[in-house]
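Worksheet: the structure to be examined is printed underneath.
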Amino acid sequence: MMEFRLSSPCRGSNTFDAIPLKDVMLTRESMEQILRNAGLEVKLASDVLVLGKKGGVEVGIYRRGKLIIKNVKGRQAAEKIASQIFSRI
């Protein structure tokens, strides 16, 4: 599995960033497939960013592999989601 760094850009928010520690370059199609394989419904897709949703949780994946995870219930839940996605890259 790909190693990553998890951080919360705003203290007290339900949003986390997950950044891969290795260089990644993804296509739009691969970003969409990664989110679908992780059980998310793709809501928006461009060459730079693909947004997916599952329940109330939203995940954005950028072509360089960075994730934005919103509306998640804490660091452990964000880490689990990031691990599920990075295991597919």
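From a predicted model like this one, the values you see are computed outputs, not experimental measurements.
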side-chain hydrogen bond (donor to acceptor under 3.5 Å, both in side chains) partners for Gln84, two or more places apart: none
CG on Leu51 to NZ on Lys43, rounded to 0.5 Å: 11.0 Å
Min side-chain heavy-atom separation Val42-Leu40 under 4.5 Å: no
All pairs passing ring pair (Phe, Tyr, Trp, His ring centres under 6.0 Å) where residues 70-89 contributes a residue, at least two apart: Phe4-Phe86
Contacts of type side-chain contact (heavy atoms from CB on, under 4.5 Å), residue Ser8, not counting sequence neighbours: Ser13, Phe16
Show me the donor-acceptor pairs within less than 3.5 Å that the side chains of residues 20-38 make with the rest of the protein, sequence neighbours left out.
unit_1: Thr27; atom_1: OG1; unit_2: Ser30; atom_2: N; d: 3.0
unit_1: Thr27; atom_1: OG1; unit_2: Ser30; atom_2: OG; d: 3.1
unit_1: Arg28; atom_1: NE; unit_2: Glu32; atom_2: OE2; d: 3.2
unit_1: Arg28; atom_1: NH2; unit_2: Ala45; atom_2: O; d: 3.4
unit_1: Ser30; atom_1: OG; unit_2: Thr27; atom_2: N; d: 2.9
unit_1: Ser30; atom_1: OG; unit_2: Thr27; atom_2: O; d: 2.9
unit_1: Glu32; atom_1: OE1; unit_2: Arg36; atom_2: NH1; d: 3.4
unit_1: Glu32; atom_1: OE1; unit_2: Arg36; atom_2: NH2; d: 3.4
unit_1: Gln33; atom_1: NE2; unit_2: Asn37; atom_2: OD1; d: 3.0
unit_1: Asn37; atom_1: ND2; unit_2: Gln33; atom_2: O; d: 3.4

For residues 61-81, please give each side-chain donor-acceptor pair under 3.5 Å, one per line with the distance, not counting sequence neighbours.
unit_1: Asn71; atom_1: ND2; unit_2: Gly56; atom_2: O; d: 3.2
unit_1: Arg75; atom_1: NH2; unit_2: Leu6; atom_2: O; d: 3.0

In one Ile/Leu/Val/Met/Phe/Trp/Tyr side-chain cluster, 4.5 Å: Met2, Val50: yes
Salt bridge (charged side-chain N to carboxylate O under 4.0 Å, His left out) contacts in which one or both residues fall within residues 46-55, not counting sequence neighbours: none
